[in-house]
Amino acid sequence: MQTDIETTASKLACDPRISDYDFWRSLRNINNEIFEIANNNGPIPIEMLRWRVILRQARSKRGVA
């Protein structure tokens with residue numbers, strides 16, 4: 001699974017159609033959804049956590065913290 005995350009993050013980081021703002025906005029939306037689910041004591045989907053890691057790594061690969 002780690003290899004899949006690395007591969008997906010690298011592909012997204014190299015895609016010129018995705019702006020730094022798009023990464024930031026998507027990551028913020030996912031974090032807000034996770035926060036809302038956690039506040040309602042609901043189970044957080046693993047896929048949502050996986051995409052949060054992918055977006056963080058893609059931003060990092062682009063040089064944006």
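Quantities reported herein were computed from a predicted structural model and do not represent experimental measurements.
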(message) I'd like to know if the side chain of Thr7 pairs up with that of Asp4 as donor and acceptor (distance under 3.5 Å, no hydrogens or angles considered).
(response) no
(message) Checking one residue: Tyr21. Which other hydrophobic residues are in its cluster under the side-chain 4.5 Å linking rule?
(response) Trp24
(request) Applying salt bridge (charged side-chain N to carboxylate O under 4.0 Å, His left out), name anything that partners Asp15, two or more places apart in sequence or on another chain. (result) Arg17
(request) Over all heavy atoms of both residues, which pair between Leu12 and Phe23 is shortest? Give the atoms and the distance, please. (result) O-CZ, 3.4 Å
(message) Going by side-chain contact (heavy atoms from CB on, under 4.5 Å), name the residues that satisfy it together with Asn31, two or more places apart in sequence or in a different chain.
(response) Leu27, Arg52, Arg56
(message) For Ala9, give me all partners under side-chain contact (heavy atoms from CB on, under 4.5 Å), at least two apart in sequence or on another chain.
(response) Ile54, Gln57, Ala58, Lys61
(message) Can you tell me how far apart CG (Leu55) and CZ (Arg50) are? Round to the nearest 0.5 Å.
(response) 10.5 Å
(message) Rounded at 0.5 Å granularity, tell me how far CZ in Arg59 sits from OG in Ser26.
(response) 10.0 Å
Distance-only donor-acceptor hits, side chain of residues 32-45, under 3.5 Å, sequence neighbours excluded:
from: Asn32; atom 1: ND2; to: Arg28; atom 2: O; distance (Å): 3.4
from: Asn40; atom 1: ND2; to: Glu36; atom 2: O; distance (Å): 3.2

(message) Restricting to side-chain hydrogen bond (donor to acceptor under 3.5 Å, both in side chains), what partner residues turn up for Trp51, sequence neighbours left out?
(response) Glu47
